[in-house]
Amino acid sequence: MPPFHPDTIVAIVTPLGEGGIAVLRLSGEEAITKVDEVFHGKQRLATAASHTAHVGKLLDDEGNMLDEVVVTVFRAPHSYTVEDVAEVSCHGSVFIARKILESFIRRGVRPAEPGEFTKRAFLNGRIDLSQAEAVAELIHARSDSAHKASLQQLRGLHSIKFLEIKDAIMRLCGLLELELDFSEEGISLIEISTTEKIIQELIVDVTQLIDSYKVGKVVRDGIKVVLIGRPNVGKSSLLNSLLNEERSIVTEISGTTRDTIEEAVHLSGYYVRVVDTAGLRATTDPVEVEGIRRTEAEIEDADVVAYVLDAGRKDIIEDGERVRSISAAAASQGKSFLLLANKIDLIGGELGENLTNLSGGMAILPVSAKSGKGIDSFRKTLSDLCLSRDYHLEEKSVIITNARHQASLLEAREALCRALASIQARQSNEFIAVDLRAALRHVGEIIGNTTTDDILNRVFASFCIGK
Amino acid sequence: MGRIADKTGINFKMLNRSKGPAVWSPRSQNDRELYSLEAARVVEVQAGLAILEESVKSIQVLDNKEFGNVRIQGIVTGSGELIQCNALVLCAGTFLRGLLHTGMSNRPGGRFDENPSLGITESLENIGFKSGRLKTGTPPRVDLRSIDLARTEEQPGEEDPTPFSFSTEKIINAMVPMYLTHTNERTHAILQKGFDRSPMFTGRISAVGPRYCPSIEDKIVRFADKPRHQIFLEPEGYTTSIVYVNGFSTSLPEEVQFEGLRSIEGLENVTMIRPGYAVEYDYFPPEQLRPSMETKLVDGLFFAGQICGTSGYEEAAAQGLMAGINAARKVQRKEPLVLDRSEAYIGVLIDDLINKSTDEPYRMFTSRAEYRLLLRQDNADRRLMRHGHALGLVPDAMLARLDAKEEMIREGLRFLDNVSASLAPMNAYLESRGVAKTLQKERLSELVKRPGVLLGDVLTVDGISSEEFVVRLMHGTPEKLRKEIIEQIEIELKYRGYIVRQEQEIDNFKKFESMTIPEEFNFEEVRSLSSEGKEKLSRVRPRSIGQASRISGVVASDVSVLMVHLRR
Ligand SMILES: Cc1cc2nc3c(=O)[nH]c(=O)nc-3n(C[C@H](O)[C@H](O)[C@H](O)COP(=O)(O)OP(=O)(O)OC[C@H]3O[C@@H](n4cnc5c(N)ncnc54)[C@H](O)[C@@H]3O)c2cc1C
Ligand SMILES: Nc1nc2c(ncn2[C@@H]2O[C@H](COP(=O)(O)OP(=O)(O)O)[C@@H](O)[C@H]2O)c(=O)[nH]1
């Protein structure tokens, strides 16, 4: 049997925020040509043999390089889905991967449904029969969780906006259509100029939502971690040990002030900027006014404040006051605060009583820039913070963050524009209604389908028609 | 039915003329007496048809335990006789345990002056059928001679109306006008006085009635701010003075109806021949049917009409046609004919009925059809006549006419796509229509797309009118056929963009319709279906993935799961 879904779909198939690379998979008739359109390598992918990998640049719509990528081509039927498949491996940053995803969607590739690759693999006879039930369960589980996720995203302002849009289209549809069905009574339920105005407003609303589509702030800008602490506690050394393992993909960013060093590091696909408040090194007195001012400026701008202690120092207790005031300030500004005890190699790896007293119950991350002990936990702690802040921000914002939602809205807008064109061409209600129906269907992909009965109910409730 | 309507119509109107052709809908009012005589005549002269008239008391089935199926055996008549059959179509309308209400009094009845039908519901329930109760109503009848017509607005029918049937050349019947008047606030106040004796408001009737043709008392309550409602006075025929008071359906007490009527302009001295009433009746929720109209429970038993929860003539006729066709095919051991949603309103109607449990009487609206722009009355022959011919219901001559028409349409489209007119005469025409002139030679097909340009006119423009194809069309083709051809070409050109889009949607729809689900498929065994999905699927037992996706309560992931399973 031929594949059931000739349209081309795309999704990021590696879990976000895990692993050093992200893979996007495209499957369907146009999978290879769509990648070819934006890929610049030694060879056109159109001529590439199955199961070959190609290194090259991926360009954005303006022709600027998005990333260096490896594209692997699988030709039907020798692929996972039995269709033409192209897999794009890019650097693990969520930001880059989503940018690439978006650019494919703009080129007309449809975002895959949850479990859709597997479903296609199955429908095209690729997967063993005995796996049918497993696949079925997978689809259910994934779409359940996808459903939950999208409900979460649709909380609050979002859902109200979507519902408003859906309701407005539904009502218009109902009025236009029932006017046709009850024309015998010669009633006019709505003026065409009103219809036109409502559709124009709808287009504006939908456009606003479309334009609001952004990857989360964390994904876009990364998070900023500022290392503070007295001179010589090992801040630069810690920064270096974070960088060491990431050498290959570190980018140098010139500091915002002469005295700070800012380095970027990719942690689990997130872009993390670590600032060493190097300026403090010049001053001998940590409580010196100028020093505090600069540190405060850095803290102001940071998402995560990491206070570094020298576990080997006897007078460590003197840091107590500052730890408390800075952590309180961080908390009040919604920043995360980390307390690091460096040089634990000097005290035999154990946190002494003086340290636990000082932290007042706050968790202390024991690390050693020298031996490398604890550096992995430090990295893990940072990437967890990225994830939680990412989620946190998206949930609270009133923007669209789901590529599939955006794709549906783009379709809905197109349908609304066609409806508007029909009005302007003085076509009668039924022509306007077809496209309003289409728009309703696309909005329905986000917040649930509308049946004819819903539409009829809506109108019968408010108009007296029928003999 | 279309032919009978054409023959006996007394007032025709093409509704929605000011809108696009997809929603034009022909409506007629017919002489009640003539219609029923003509209908009876058509049935009586039908070759191969025997007519027995008797009341039916119960339905008899054979429970074939060995094969695990239940088959129709026959009917038992009022006189106790068993008439055996291989297929049976039950279409008892509003008669099953019918109860007529006027005010606080009610009496058993199927229709005015007709007995209800008792026994059938019970015999079907015993087999395992589920039944429900619905309600509908009818307005009072008044005497034409007692109406002050001068105080109403006369509504003449259309001149030279479009016939229902493609085989009717022209309608020559004498036309009878209808009359429009309105209720007023006084009418509403009078009727309100009787609300305490309304079977509806006092809870005597609990069955659900249709919202799209509400009773007058319903309208007054639900739309309290409307000071008046339309009333159409419709004479029932040439030789009768009975007038149907359309818009005044009611079950209020007789004297309240009468007083209410007399408060209406033009009806100040009206004589009420018979009061309106509400009728409550049994129906069988149509999810118990297959797409062929055969019941799932009993092999060879078909249902059609109002007992399936619909209301209206067209709805009943559509089901009767399909049930009749498929009952005959059953006996001939042939596959049933099932029309789909992209082919005909009949397809939409039956598909809706069997998939969406309706709890109010179902009425067809054009808005129920997804592919409305293609399901037009003007192309019914092009959509359906081949089916009819294959079934032996349409004579060869009609099919030959259709073939010739299709050929001319194809030729016409090709002609218009290839020919352009000289500028001067074309611009003269455009100017006469108030349409912007064309600056360069444009293909005719492009010109016809412009609003205001009519194909019929374009074909008469100098230089075009002498083309071989045009001569053949304009002078060598019978008038009605010519009009149809021009109309089809014009619609196809003017609405091409919309039509192409709907055709694409249909392709997509067909893909899922063609993924069939075996009749014996056990939905209970599919572990990962949602529990609501499983329940609904087991109840409706859809025959295709497309059908499954339209069942209320079945979600997208259920459909995916089903697809996966069916691929096994
Ligand atoms: C007064 C009135 C006006 C209407 N006006 C309109 C209108 O303007 N437009 C519209 O679209 N619809 C109208 N309707 C609705 C429409 O008539 C019905 O929906 C439609 O006729 C139903 O068709 P049917 O074949 O299902 O049943 P019916 O037309 O009711 O036919 C049922 C038949 O079954 C017979 N029968 C019942 N029980 C038995 C039995 N036990 N044994 C033998 N025979 C039996 C009855 O005698 C009857 O002939 C109107 C209805 C009424 C009552
Ligand atoms: N033993 C030990 N020495 C360290 C460790 N981290 C840094 N140092 C040393 O401490 C000194 C100051 O380090 P530096 O990174 O410059 O401190 P900064 O002023 O806080 O940036 C250097 O001599 C480092 O070698 C550690 O984990 N263990």
S.K.: Could you check whether atom CD of B:Glu154 has more than 12 heavy atoms from other residues, nucleotides or ligands sitting under 6.0 Å from it?
M.R.: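 Yes, because the 6.0 Å sphere around CD of B:Glu154 holds more than 12 heavy atoms from other groups.
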
S.K.: For B:Arg501, is it the side chain, the backbone, both or neither that has a heavy atom under 4.5 Å from a heavy atom of chain A?
M.R.: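 Contact with chain A involves the side chain of B:Arg501 alone.
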
S.K.: Can you pull out the residues in residues 426-435 of chain A with any heavy atom less than 4.5 Å from chain B?
M.R.: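 Those residues of residues 426-435 of chain A which have a heavy atom under 4.5 Å from chain B are A:Gln427, A:Ser428, A:Asn429, A:Glu430, A:Phe431, A:Ala433, A:Val434, A:Asp435.
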
S.K.: Heavy-atom count check: over 12 atoms from other residues, nucleotides or ligands less than 6.0 Å from B:Arg450 CZ?
M.R.: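 Counting neighbours around CZ of B:Arg450, more than 12 heavy atoms of other residues, nucleotides or ligands fall under 6.0 Å, so yes.
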
S.K.: With a 4.5 angstrom heavy-atom cut-off, could you sort out which part of B:Tyr495 is near chain A: side chain, backbone, both or neither?
M.R.: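 Interface part for B:Tyr495: side chain.
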
S.K.: Check this for me: B:Glu185, atom CD, are more than 12 non-hydrogen atoms of other residues, nucleotides or ligands nearer than 6.0 Å?
M.R.: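 12 or below, so no.
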
S.K.: Which heavy-atom pair separates A:Arg437 from B:Ser367 by the least distance, and what is that distance?
M.R.: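 That closest heavy-atom pairing would be NH2-O, 2.9 Å.
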
S.K.: Would you call B:Glu370 and A:Arg441 a salt bridge, taking side-chain N to carboxylate O under 4.0 Å as the test?
M.R.: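 No, this pair does not count.
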
S.K.: If you count heavy atoms of other groups shown closer than 6.0 angstrom to NZ of A:Lys197, is the number above 12?
M.R.: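 Check fails, neighbour count at 12 or below.
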
